[in-house]
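Both backbone and side-chain heavy atoms feed into the values below; hydrogens, waters and symmetry mates do not.
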Amino acid sequence: YQRRVRAFKMKTLVLVLFLSFVFATLAEVYFEEKFHDGWEKNWVKSKNKQSEGTQGTWVWTAGKYYGDASESKGIQTSPDARFHQISANFPTFSNRDKTLVLQYSVKHEQKLDCGGAYIKLLPKIDDQENFSGDTKYNIMFGPDQCGSTKRVHVIFNYNNDNHLVKREIKPKSDQLTHVYTLVVKADQSYSVLIDGEEIQTGTLPDDWDFLPPKTIKDPSASKPKDWVDAAQIPDPEDKKPEGYDDIPETITDPDAQKPEDWDEELDGEWEAPQIPNPEYKGPWRPKMIPNPDYKGPWVHPEIENPDYFEDSDIYAYDNNGAVGFELWQVLSGTILDNILVTDDESVAEKERKRIAELQKVEKEVFDAQQEAEQKQREEERKKAAADDEETAGSDVEMDLDDFDFGGDAHGDEL
């Protein structure tokens, strides 16, 4: 019996390993970039804004704090108030009948105040040196902020129009590395994850205005002329109190007194100032009561939209062949890294786990730096306060030196 159990367990293990191998073999990684040595051969920097003098550059760096000096290297925007445009082509693929995963990491070292850090999935770009905001893309995804407005863009190009998600998706806005993941499935569902946590999910037809509405207001219907939509009416039994209109809006200030230096010949006859009358209640209005004829708000009836149609292929792009960053930033310093385009969520999850280990170390280094900088600022503040106190003491000493307390001729005269 025990031999049979061991044999069954062994067969099960072999089967699991075999299926894992099969699924791993079937997974497609269409593009991956960790910005190791030689990364530049895969990328082309745009010159689209050079003639205007607003073309930014890209710095290969891990930044001021990181999880690993080599593994944390990415490309950083520089300098301030510039356009930052760069792209990489790869073999064209279709995500039709497949899952599409677009993932990358973002670190705003500069406390970003206004600018984007989103990635674009595009058709193959013929002229990469002219890559710009006018270049057609399939999907735009990632964080964008300016002042208090902060959101994660999820934009799909559908029938040559760019459609922004109707949901408000909040990004991370600190100075640490965060991994942004977009998953689009063949059933037209989608998910947005930040650091592996799902923060938004839904369907493309529901959360974007790709299609005409299913129903429209009935053009032949209108609100009846006798429809009563006033919820309350004045009480016909309510009467204005006798003498209500005799109450003045202002009265003479009883506490006011004529100034002692008031001269009636020069200043005229003194009049006490007016103050609001606490008894005055404004124009009289009858109290309101429920309207017995009230029918509620009129709702325009709807009918099926004759122009409505369904499209089960909104998610599908047959010409995915490039990724790119096309950004404007007031303050530069964002580091972009760990780009992954695949059809397998488990591949993306495995990559997130790898990055998570680097994120832990990065946060420890960042926190230590912040603590050290805070301590240095406090020491500088104390030193400045001590210097100010010492300077103030010197000034007092100099002031005393200006006085002659000796018994000379001038002193004798005092």
If you count heavy atoms of other groups shown closer than 6.0 angstrom to [atom1] of [X], is the number above 12?
{"X": "K170", "atom1": "NZ", "answer": "yes"}
{"X": "D134", "atom1": "CG", "answer": "no"}
{"X": "E373", "atom1": "CD", "answer": "yes"}
{"X": "Y66", "atom1": "OH", "answer": "no"}
{"X": "E264", "atom1": "CD", "answer": "yes"}

[X] bridged to [Y] by N-O distance under 4.0 Å:
{"X": "K45", "Y": "E40", "answer": "yes"}
{"X": "D207", "Y": "R167", "answer": "yes"}
{"X": "E302", "Y": "K217", "answer": "no"}
{"X": "D337", "Y": "K34", "answer": "no"}
{"X": "R96", "Y": "D313", "answer": "yes"}
{"X": "R151", "Y": "E168", "answer": "no"}
{"X": "E237", "Y": "K287", "answer": "no"}

Looking at [atom1] of [X] and [atom2] of [Y], how far apart are the two atoms once the value is rounded to the nearest 0.5 Å?
{"X": "I119", "Y": "L102", "atom1": "CD1", "atom2": "CG", "value": "5.0 Å"}
{"X": "T77", "Y": "L336", "atom1": "OG1", "atom2": "CG", "value": "7.0 Å"}
{"X": "L204", "Y": "S189", "atom1": "CG", "atom2": "OG", "value": "7.5 Å"}
{"X": "D267", "Y": "E265", "atom1": "CG", "atom2": "CD", "value": "10.5 Å"}
{"X": "N130", "Y": "K49", "atom1": "CG", "atom2": "NZ", "value": "10.5 Å"}
{"X": "Q145", "Y": "D113", "atom1": "CD", "atom2": "CG", "value": "7.5 Å"}

[Y] backbone acceptor or donor facing [X] side chain under 3.5 Å:
{"X": "H153", "Y": "Y118", "answer": "no"}
{"X": "W60", "Y": "H36", "answer": "no"}
{"X": "W43", "Y": "N89", "answer": "no"}
{"X": "D253", "Y": "I275", "answer": "no"}
{"X": "N291", "Y": "A231", "answer": "no"}
{"X": "S72", "Y": "A69", "answer": "no"}

Do the side-chain N and O atoms of [X] and [Y] include a donor-acceptor pair separated by under 3.5 angstrom?
{"X": "Q55", "Y": "N48", "answer": "no"}
{"X": "Q359", "Y": "T177", "answer": "no"}
{"X": "N138", "Y": "N320", "answer": "yes"}
{"X": "Q274", "Y": "T252", "answer": "yes"}
{"X": "E380", "Y": "Q376", "answer": "yes"}
{"X": "N157", "Y": "Y317", "answer": "no"}
{"X": "Q329", "Y": "D80", "answer": "no"}
{"X": "T61", "Y": "Q76", "answer": "no"}
{"X": "S70", "Y": "D68", "answer": "no"}
{"X": "N338", "Y": "R354", "answer": "yes"}
{"X": "S46", "Y": "E129", "answer": "no"}
{"X": "T342", "Y": "D344", "answer": "no"}

Point to revise | Shortest non-hydrogen contact from D144 toward G116 | key: OD1-CA, 3.3 Å

Review point. Between W208 and K166, is there a cation-pi geometry (under 6.0 Å to ring centre, at most 45° from the normal)?
Key: no

Exercise for review: Cation-pi check, K107 to Y65: give yes when NZ or CZ is under 6.0 Å from the six-membered ring centre and within 45° of the ring axis, no otherwise.
Suggested key: yes

Exercise for review: Indicate yes or no: at least one non-hydrogen side-chain atom of Y104 is less than 4.5 angstrom from one of L340.
Suggested key: no

Practice item. Assign the ring pair F35 / W39 to parallel, tilted or perpendicular, where the plane angle (0 to 90°) is split at 30° and 60°. Key: perpendicular

Check your understanding: In terms of the angle between their ring planes, are F325 and W58 parallel, tilted or perpendicular, with boundaries placed at 30° and 60°?
Key -> tilted

Check your understanding: So among Y315, Y158, Y308, which one has a ring-ring contact (aromatic ring centres under 6.0 Å, His included) with F210?
Key -> Y158

Check your understanding: Among E349, R352, E32, E345, whose side chain to side chain donor-acceptor pair (under 3.5 Å) with Q103 holds?
Key -> R352

Practice item. Kindly indicate, with the supporting measurements, whether the criterion salt bridge (Lys or Arg N to Asp or Glu O under 4.0 Å) is fulfilled by K214 and E304. Key: CA-CA 6 Å; K214 291 183 179 181; E304 292 185 0; over 6 Å; no

Exercise for review: Show your reasoning for whether side chain to side chain contact (heavy atoms under 4.5 Å, CB included) applies to L100 and L121.
Suggested key: CA-CA 11 Å; L100 173 64; L121 179 65; 3.9 Å; yes

**Study point:** Partner of I155 under side chain to side chain contact (heavy atoms under 4.5 Å, CB included), chosen from L164, V165, I139
**Key:** L164

Practice item. Test ring-ring contact (aromatic ring centres under 6.0 Å, His included) on F156 and H163 and set out the steps. Key: CA-CA 5 Å; F156 289 88; H163 295 263; 9.4 Å; no

